[in-house]
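One structure is given here, and the rest of the page talks about it.
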2 protein chains.
Amino acid sequence: MLTGNESAELVVLSLLSEGASYGYQLTKDAAARSEGHLRLTPGVLYPLLRQLENEGLITSSWDTVRAEDAEDAGEGRKRKWYRLSPKGKRRLGQRVAAYESLRRVIDAFVGVRPREEGTR
Amino acid sequence: MLTGNESAELVVLSLLSEGASYGYQLTKDAAARSEGHLRLTPGVLYPLLRQLENEGLITSSWDTVRAEDAEDAGEGRKRKWYRLSPKGKRRLGQRVAAYESLRRVIDAFVGVRPREEGTR
DNA sequence: GACGGATATATCGCTGACCGATATATTGGC
DNA sequence: GCCAATATATCGGTCAGCGATATATCCGTC
């Protein structure tokens, strides 16, 4: 359920609105917040992050997490941090509004209790 | 927004739970209930009705609407009435439950107010 | 010192869903 | 007689979703 790109964008923008984060962390946060219902798989997440960056909604920067012993000049593990841009904040607002609108529309249907049998 | 098959199914089953109806009527009802936000176009609606019938969620029957002067033996306009089957009622229940679950998940994200700037 | 599981980022391309465009026919108002 | 509205129906090109896959580091433990 809910691996769709539409909701994924909303969720990623929302998480980033709470502070900078990186891919793997977003995956874990999404799962935790939704009690396991939302799986932000690599195949969904990374193309999405790339697209969001291309649209100027988020910015990114690399950060190297070096191992305990720094004697080795090797590169160490890399992390790519993402931050919400002002444009991204605006987009998030739009997406939230769109979601709330959708919510109202669907509620107009599911909120109705069934009548008894028969033709209209 | 919301021309997707998923929501369309929910909406059609929901409308039929209120009484039998036919394609064109469903189109109009959906638009009216959602204040124009939901457009159940022919390309969406008829394949969906067919599929729902194949799955045994709805049943159908033809009905001929004859013109005022019945002297003509011609066929007149046809209407195909759809009714929700017991299986369809169960499915509707499931879909509503799924929607409410999704709603809760998304709300867990959009309900949160942003913190001030900075890394987590 | 090497194995495995977790951490971390990233791309590719198959499948199949979506729905705009299109077709057909009747009815009613002007 | 014509046009808009009513009414049902199919088709197939486009495009997106995402499972599968690749690569590399880190760390505990045996």
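These numbers come from a predicted model, not from an experiment. Keep in mind that the numbers below use all heavy atoms, side chains included, and drop hydrogens, waters and symmetry copies.
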Rounded distance (Å) that lies between atom [atom2] of [N] and atom [atom1] of [X]:
X       : N      : atom1 : atom2 : answer
B:Gln51 : D:dA9  : CD    : C1'   : 16 Å
A:Leu40 : D:dG17 : CG    : P     : 13 Å
B:Arg77 : C:dT27 : CZ    : P     : 6 Å
B:Asn5  : C:dG20 : CG    : P     : 13 Å
A:Trp62 : C:dT9  : CH2   : P     : 7 Å
B:Tyr46 : D:dA7  : OH    : P     : 9 Å
B:Gln25 : D:dA7  : CD    : P     : 8 Å
A:Leu45 : C:dT11 : CG    : C1'   : 13 Å

Next on the checklist: Does B:Tyr99 form a side-chain hydrogen bond (donor to acceptor under 3.5 Å, both in side chains) with A:Asp107? I'd like the steps, not just the answer.
Outcome noted: CA-CA 10 Å; B:Tyr99 164 68; A:Asp107 284 350; 3.0 Å; yes

Checklist entry - Looking only at side-chain N and O atoms, does B:Arg50 come under 4.0 Å of OP1 or OP2 in D:dT10? => result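 Checking D:dT10 against B:Arg50, a side-chain N or O does come within under 4.0 Å of OP1 or OP2.
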
Checklist entry - Do the side-chain N or O atoms of B:Lys80 get closer than 4.0 angstrom to the phosphate oxygens (OP1, OP2) of D:dA9? => result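 It does, given that an N or O in the side chain of B:Lys80 lies less than 4.0 Å from OP1 or OP2 of D:dA9.
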
Next on the checklist: Closest-nucleotide mapping onto DNA chain D: is A:Gly43 or B:Gly23 further toward the 5' terminus? I mean the 5' end.
Outcome noted: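 Counting from the 5' end, the first nearest nucleotide belongs to B:Gly23.
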
Item to check | Earlier contact from the 5' end, DNA chain D, for B:Pro42 and B:Lys28 | outcome: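 By nearest-heavy-atom nucleotide position, the 5'-most residue is B:Lys28.
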
Next on the checklist: Please find the pair of heavy atoms, one from B:Ser34 and one from A:Val105, that lie closest to each other, and give the distance.
Outcome noted: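 That closest heavy-atom pairing would be CB-CG1, 3.7 Å.
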
Checklist entry - Do any N or O atoms from the side chain of B:Ser60 and from the backbone of B:Trp81 form a donor-acceptor pair under 3.5 angstrom? => result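 Such a contact is absent between B:Ser60 side chain and B:Trp81 backbone.
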
Item to check | Shortest side-chain distance from B:Tyr24, nucleotide among D:dA5, C:dA8, D:dC18 | outcome: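 Comparing D:dA5, C:dA8, D:dC18 against the side chain of B:Tyr24, the answer is D:dA5.
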
Next on the checklist: Quick check on side-chain contact (heavy atoms from CB on, under 4.5 Å): which of B:Ile58, B:Leu16, B:Thr59 does B:Arg83 satisfy it with?
Outcome noted: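 Exactly one option meets the side-chain contact (heavy atoms from CB on, under 4.5 Å) with B:Arg83, and it is B:Thr59.
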
